[in-house]
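See below for the structure under consideration.
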Number of protein chains: 2
Amino acid sequence: MMDVARTAGVSPSTVSLYLRRPEAVSPAAGQEIAQAIEALGYVPNLVAGGLAAAGSRVVSVIVPSIRNAFFAETVAAMQTELARDGLQVMLGHSEYSDTDEEALIRTALAWAPAAIVLTGLEHSKGARKLLAAGGTPVVEMWELGEQAPIDMAVGFSHTAVGATAARHFAQQGKRHFAFLGARLAQDRRAAARAEGFVAEARRLGLPEPPVLNHPAPATAEAGAQLLGRVQASLPGLEAVACSNDLIALGVLFECQRRGIAVPADLAVIGFGDLSFSSTSNPPLTTIRPSGDLIGREVARLIHACVHGTRPPPGACIVDTGHLLVERKSG
Amino acid sequence: MMDVARTAGVSPSTVSLYLRRPEAVSPAAGQEIAQAIEALGYVPNLVAGGLAAAGSRVVSVIVPSIRNAFFAETVAAMQTELARDGLQVMLGHSEYSDTDEEALIRTALAWAPAAIVLTGLEHSKGARKLLAAGGTPVVEMWELGEQAPIDMAVGFSHTAVGATAARHFAQQGKRHFAFLGARLAQDRRAAARAEGFVAEARRLGLPEPPVLNHPAPATAEAGAQLLGRVQASLPGLEAVACSNDLIALGVLFECQRRGIAVPADLAVIGFGDLSFSSTSNPPLTTIRPSGDLIGREVARLIHACVHGTRPPPGACIVDTGHLLVERKSG
DNA sequence: TTGTAGGCGTTATCAT
DNA sequence: ATGATAACGCCTACAA
């Protein structure tokens with residue numbers, strides 16, 4: 001920066017000022033500085049800037065898995081919005097482990113981020129303490145429920161999603177359901193969907209739906225295997241709710257192989273409304289969580305915090321809801 | 001840090017030293033310091049550390065789209081490896097725009113990253129200048145070809161992938177091919193696969209395969225539409241190569257709807273070996289690029305740079321190759 | 001509008 | 001093994 005100042009014939013602080021508020025500097029000086037920057041290929045050092053300003057323009061985002069299309073969607077949307085404020089996304093993935101998450105939070109905090117974004121409402125004790133100590137704004141996303149958020153939250157109720165699926169099947173006159181999930185022990189939001197599904201079926205006076213769990217990540221392969229298990233053990237089954245569209249996709253394929261007509265013999269509902277769900281055969285009935293909306297809302301909240309216009313507590317919890325997308329599979 | 005030093009009864013330098021090389025400090029002092037850190041909930045400020053050390057422990061990764069499962073896979077694998085070295089990933093996505101990429105590179109450089117990871121070998125003039133100026137290690141990934149990399153590279157030849165697909169079809173006795181792609185104007189690697197496919201068909205003395213392009217991102221929906229176009233215009237068609245497994249998935253579904261037998265009436269080959277490809281009906285023949293391997297190799301290169309043991313130029317270009325995964329679709 | 005001075009929380013270099 | 005000291009590159013008063 002000193003080089004720029006020297007070649008522009010001004011002082012370093014003028015350059016600094018120009019960089020942050022170009023209109024606060026005289027047009028003539030501005031020209032000189034712009035030229036010097038161009039000529040020298042100067043790139044401001046944000047590390048130094050962050051240190052001096054006691055707060056960097058970084059937003060730390062921690063998701064369970066970036067491979068998961070849901071979170072990829074959200075992160076992408078969020079990044080696009082955040083970039084407008086000159087905010088950079090630092091990414092971490094916890095692989096659904098609370099202890100890993102805590103370590104990531106610790107590292108994140110070390111960067112004095114403008115905000116920190118977490119997935120879900122459940123975190124380790126240590127994580128809560130770390131977050132409570134600093135004045136860093138924290139947004140929890142992709143989940144809303146009984147539990148009060150640490151600070152702000154954007155998401156929806158997963159038990160409500162499960163209930164929607166159960167009600168939908170009931171409306172179609174189905175009575176014997178099952179829930180197909182993967183890694184339910186790790187993925188608490190999927191578990192909440194299962195719970196909501198079962199609870200709603202019970203409330204409607206229907207037979208209690210069994211919950212089948214696949215120990216590996218949610219893939220089409222898992223779905224195909226789960227359908228095999230379900231067929232072997234539950235003869236009168238009429239409908240299955242899947243914790244993820246990929247599982248539903250596997251179910252669809254396995255049904256084709258076994259000659260099970262969907263939805264006549266077996267109704268199928270997914271979750272996620274992934275890109276292939278409208279194109280499958282039959283098209284997949286699913287529940288859309290609006291991952292991109294979540295990303296945008298999180299960004300909006302952070303934008304407000306950064307600009308010192310933090311919304312009132314009530315507006316810091318935003319419910320993005322969910323949407324039943326009825327197609328042909330159930 | 002001064003607080004920690006005070007409560008531990010040592011000087012700040014000793015604390016700093018302990019944090020970086022615990023074995024260089026006496027066990028007694030180490031104990032005191034550890035306790036003080038624990039008691040105060042001290043989190044070191046990496047921004048200040050980065051400034052003082054003139055180089056942060058951040059790796060900037062710029063991909064075209066994080067929604068794309070290929071890159072998500074690579075980023076996830078890379079992050080896992082990098083985390084072991086205490087390196088944080090800063091993510092950016094260019095949406096396949098060179099000018100956006102240049103802006104992202106500028107921001108990335110402003111963080112004085114330990115390394116910067118780019119996708120592909122093609123970048124704007126400005127981007128090259130920025131990168132050439134600084135001494136930041138740069139790794140280009142997911143592509144290898146005629147073009148020399150800026151610094152290091154990990155990837156494979158996309159024209160070779162296209163050629164593999166064409167040879168495979170030829171071996172099956174097919175003669176009339178087509179290539180189905182999406183956003184070929186933006187996605188140069190997909191375009192290279194198309195090119196390799198066409199060139200190899202020509203080399204084998206087969207009719208020149210038409211290349212069909214879908215203007216929107218590669219999805220199953222795009223695949224279904226492309227199959228429709230292909231059926232309408234190319235009556236004698238025997239095989240289609242898709243630029244992405246999602247497109248192939250859409251083709252598979254559309255074939256089911258139209259009663260086209262795969263592979264008897266039409267052979268289909270994809271690219272990516274995504275999670276659903278082994279489970280589809282029929283299972284998808286595809287080409288595996290090993291996105292996770294790319295991520296790990298990139299991390300290995302960066303690890304070496306960070307440790308001052310930069311491999312010789314020859315070892316800085318690693319070809320991860322590609323693998324034909326033969327299944328039932330073609 | 002522009003320049004000056006002090007400090008942000010570390011690390012690195014040198015003594016001790 | 002430990003501690004004093006000087007950067008690191010910028011920002012934020014404040015003064016001119």
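Atom set for the values below is all heavy atoms of this structure, side chains included, hydrogens, waters and symmetry mates excluded. Throughout, a chain's letter reflects where its sequence line sits, starting with A, and its residues are numbered from 1.
- A heavy atom lying under 4.0 Å from DNA chain D marks the following residues of residues 44-56 of chain B, by number: B:L51, B:A52.
- Counted within 6.0 Å of CZ on A:R106, heavy atoms from surrounding residues, nucleotides or ligands total 12 or fewer; the atom is thus considered open.
- Residues A:S11 and A:T14 bring a donor and an acceptor atom of their side chains to less than 3.5 Å of each other.
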Next on the checklist: For DNA chain D, please output the secondary structure as dot-bracket, reading 5' to 3'. Pairs are Watson-Crick or G-U wobble, both atom distances under 3.5 Å; mark crossing pairs with [ ], other-strand partners with |, unpaired with a dot.
Outcome noted: ||||||||||||||||

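- Of the residues in residues 5-23 of chain B, those lying under 4.0 Å from DNA chain C by heavy-atom distance are B:S13, B:S16, B:R20.
- Salt-bridge formation is not detected for the pair B:E102/B:K129: no Lys NZ or Arg NE/NH1/NH2 atom is positioned less than 4.0 Å from an Asp or Glu carboxylate oxygen.
- Here the side chains of B:L118 and B:I105 are in contact, with some heavy-atom distance below 4.5 Å.
- With rounding to the nearest 0.5 Å, the separation of CG in B:L104 from CD in A:Q79 is 7.0 Å.
- Taking a 6.0 Å sphere around CD of B:E23, one finds it holds more than 12 heavy atoms contributed by other residues, nucleotides or ligands.
- Protein chain B contacts DNA chain D over a range whose 5' and 3' limits, counting nucleotides with an atom under 4.0 angstrom from a non-hydrogen atom, are D:dA1 to D:dG9.
- Contact of the A:P149 side chain with the A:I317 side chain is registered, since non-hydrogen atoms from C-beta on lie closer than 4.5 Å.
- Pairs passing the salt bridge (charged side-chain N to carboxylate O under 4.0 Å, His left out) check and including a residue from residues 298-318 of chain B, sequence neighbours excluded, read B:D151-B:R310, B:E297-B:R300.
- In this structure, the side chains of A:Y42 and A:T7 stay at 4.5 Å or more apart for every pair of heavy atoms.
- Residue pairs meeting the salt bridge (charged side-chain N to carboxylate O under 4.0 Å, His left out) criterion with at least one member in residues 110-124 of chain B, sequence neighbours excluded: B:E122-B:R188.
- Atom CD of A:E73 sits about 10.0 Å away from atom CD1 of A:I294, to the nearest 0.5 Å.
- Here A:D3 pairs with A:R6 under the salt bridge (charged side-chain N to carboxylate O under 4.0 Å, His left out) rule; sequence neighbours left out.
- Within residues 29-37 of chain A, the residues that place at least one heavy atom under 4.0 Å from DNA chain C are, in residue-number order, A:A29.
- On the nucleic acid side, DNA chain C has its first and last nucleotide under 4.0 Å of a heavy atom of chain B at C:dG9 to C:dA12, going 5' to 3'.
- Within a 6.0 Å sphere centred on CD of B:Q31, heavy atoms belonging to other residues, nucleotides or ligands number 12 at most.
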Would you list the atom pairs, donor with acceptor, under 3.5 Å between side chains in residues 43-63 of chain B and any protein atom, with sequence neighbours excluded?
{"unit_1": "B:N45", "atom_1": "OD1", "unit_2": "B:V47", "atom_2": "N", "d": "2.7"}
{"unit_1": "B:N45", "atom_1": "OD1", "unit_2": "B:A48", "atom_2": "N", "d": "3.1"}
{"unit_1": "B:S56", "atom_1": "OG", "unit_2": "B:W111", "atom_2": "O", "d": "2.8"}
{"unit_1": "B:S56", "atom_1": "OG", "unit_2": "B:A112", "atom_2": "O", "d": "3.0"}
{"unit_1": "B:R57", "atom_1": "NH2", "unit_2": "B:D85", "atom_2": "O", "d": "2.6"}

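- Taking A:E81 as the reference, nothing meets the side chain to side chain donor-acceptor pair (under 3.5 Å) condition, with sequence neighbours excluded.
- Looking at B:L293 and B:R296, their side chains come closer than 4.5 Å, going by heavy atoms from C-beta outward.
- With sequence neighbours left out, B:E140 forms a salt bridge (charged side-chain N to carboxylate O under 4.0 Å, His left out) with no residue at all.
- B:M1 comes within 4.0 angstrom of a base, heavy atoms only.
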